[in-house]
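Scroll down for the structure; my scribbles are underneath it.
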Number of protein chains: 2
Amino acid sequence: MGGTAASSSTATATATTERATRRGRIDKRQAILDAAFTVFANRGYARACMEEIAEVAGVAKHTVYNHFGDKESLFHAAMEATGNAVMGENLAVAERLTAGGAERAATGPTAASDGSGAGFDPVRSCLEDVAHGLLQQCCDPRSWALRRLLYAEITRFPELLEAVWGRGADRLRQTLADRMARLSLAGGLCPCDPVEAAEQFLALLTGPMEARSQLGTRPVPTAELDTVAEAAVRTFLRAFQAERPRAALSAAAS
Amino acid sequence: MGGTAASSSTATATATTERATRRGRIDKRQAILDAAFTVFANRGYARACMEEIAEVAGVAKHTVYNHFGDKESLFHAAMEATGNAVMGENLAVAERLTAGGAERAATGPTAASDGSGAGFDPVRSCLEDVAHGLLQQCCDPRSWALRRLLYAEITRFPELLEAVWGRGADRLRQTLADRMARLSLAGGLCPCDPVEAAEQFLALLTGPMEARSQLGTRPVPTAELDTVAEAAVRTFLRAFQAERPRAALSAAAS
DNA sequence: GTCAAAATGCACTCGCCAGTGCAGATTATG
DNA sequence: CATAATCTGCACTGGCGAGTGCATTTTGAC
């Protein structure tokens, strides 16, 4: 019936053809990538066997070889795909850090922004939102599995660093740094090196999670994530918040 | 003959026997442990083969099995030994963080302790010393190899977490927390949760090194270590240094 | 020198798994 | 239905490496 279609529907037919053909391939391909990452994460690169990957993907072993050639290429592809997905989510969270709140902070009533007193602090709440989001991402089991696999195989596959980590982590830090710079200019943060601020903000977030999640083997309850995020923002703001409130405070005292 | 030995010389004889006998064994044992860690670090657990370990240790394969039974036990022993060594060095550095300087800080001329102005700040210099030492330890190739192996095999050998990491990292953080608490009481730091302070101090140190050393695959020049240590201490002190200088400042202003 | 424990060298078994070849089933297309 | 591409199931090779057995040698104690 597809063959009797009029030329007017050629475009549709072609699209359908491509979609149908590719859909099957893409679906299988994606299923294989997902299964591969799962199995690699569970067993490690060396112990993972292609047969199990095929089995988990619901596919014949030959199909895996048809798509990816050999184990090493499959590993590379699976790591890159997962890395892109994870880093995309991280970037989306980081971009929620807007300087919009900072302007309100500079003009609004922010007398309590130094200590942990009452009053609404838009910079703080925005940072806490981003901190919480980043922590949730970074404590996702898939994220931890990716880190573990990277650490495990980085000496044997150094190119993974650039393909999976470098492009992602660099962009995350740069994105944060951009937002920090705008926060500084808007008066929400003191003048500082935005890259350093971003680096340390990330360190205050992810550093404590290593021990608390036991290298990713223990699921961390949300309440604990909140605790860490809050503590990180508190320390970060004490170190980097604009000094204006203090000046106001001393002026009031004098 | 052992049965006919006089009871008076039993202790000495036994000691001599054990010492001499064990010395040979201990030397081989240690050589095997060192070689095992090296090979595991280079190849990963799964790809490391017992024959190469024996070869590197200068020992027959059978000797390895005589001492450690099987590959898994050898891995465990090698990880634990290296972990103890690394953590011992870390603890030694952390214990250089004394509250002695803090008292001097509280009584001496510390007007410039808030900003980065001139004047000698013993708390800062002591923190910088410890920060630099910890960074040096944590960037040691052996330390990175240990981290990589832990990350790589933690899902398959969960007991390693307690044996290698837990006991060590916990003690490091607790030791730092103890010193932080004394610094607080002595007036060098503001009143704060010392465990949280220690956690964040460590995070500010080790967090940035992950990206900078590319997961331990790139040797970090000493100058960069200094940069990171200095930045970490600067941020830490801005967040945690005692407020007394500010009080003194406002008192002088009024 | 004598003895026992430890260490060595060699050859061997056994299980695991990457990758291949082939013959047949499935699927989309015309 | 015909065709071509893809997918599937199965059997197979080849290599690698953990762990063992045994005969021999070295080492340290008495």
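Residue numbers begin at 1 in each chain, while the letters A, B, ... track the order of the sequences. Just the heavy atoms: all of them, side chains too, but no hydrogens, waters or symmetry mates, feed the values below.
- Within the nucleic acid shown, B:Ala54 has no heavy atom closer than 4.0 Å to any nucleic acid atom.
- Of the candidate nucleotides D:dT8, D:dG17, C:dT20, C:dT20 has the atom lying nearest to any side-chain atom of A:Lys61.
- Of the listed nucleotides (C:dA7, D:dT8, D:dT20), C:dA7 has the atom at the smallest distance from the side chain of B:Asn66.
- Evaluated for a side-chain contact (heavy atoms from CB on, under 4.5 Å) with B:Leu74, the options B:Met50, B:Met79, B:His67 yield exactly one hit, B:Met50.
- To the nearest 0.5 Å, atom CG of residue A:Leu97 and atom CZ of residue A:Phe201 are 7.0 Å apart.
- At the phosphate of C:dT26, neither OP1 nor OP2 sits under 4.0 Å from any side-chain N or O atom of A:Lys28.
- In this structure, the ring of B:Phe157 has its center less than 6.0 angstrom from the ring center of B:Tyr45.
- Proximity note for A:Tyr65 (side chain, C-beta onward) versus D:dG19, C:dA18, D:dT8: the nearest is C:dA18.
- Ranked by how close their nearest DNA chain C nucleotide is to the 5' end, A:Gly69 and A:Arg47 are led by A:Arg47.
- Among C:dA18, D:dG19, D:dG17, the nucleotide with an atom closest to any side-chain atom of B:Cys49 is D:dG17.
- The two residues B:Ala131 and B:Ala229 have their closest heavy-atom pair at CB-CB, 4.0 Å.
- OP1 or OP2 of C:dG21 has not a single side-chain nitrogen or oxygen of A:His62 nearer than 4.0 Å.
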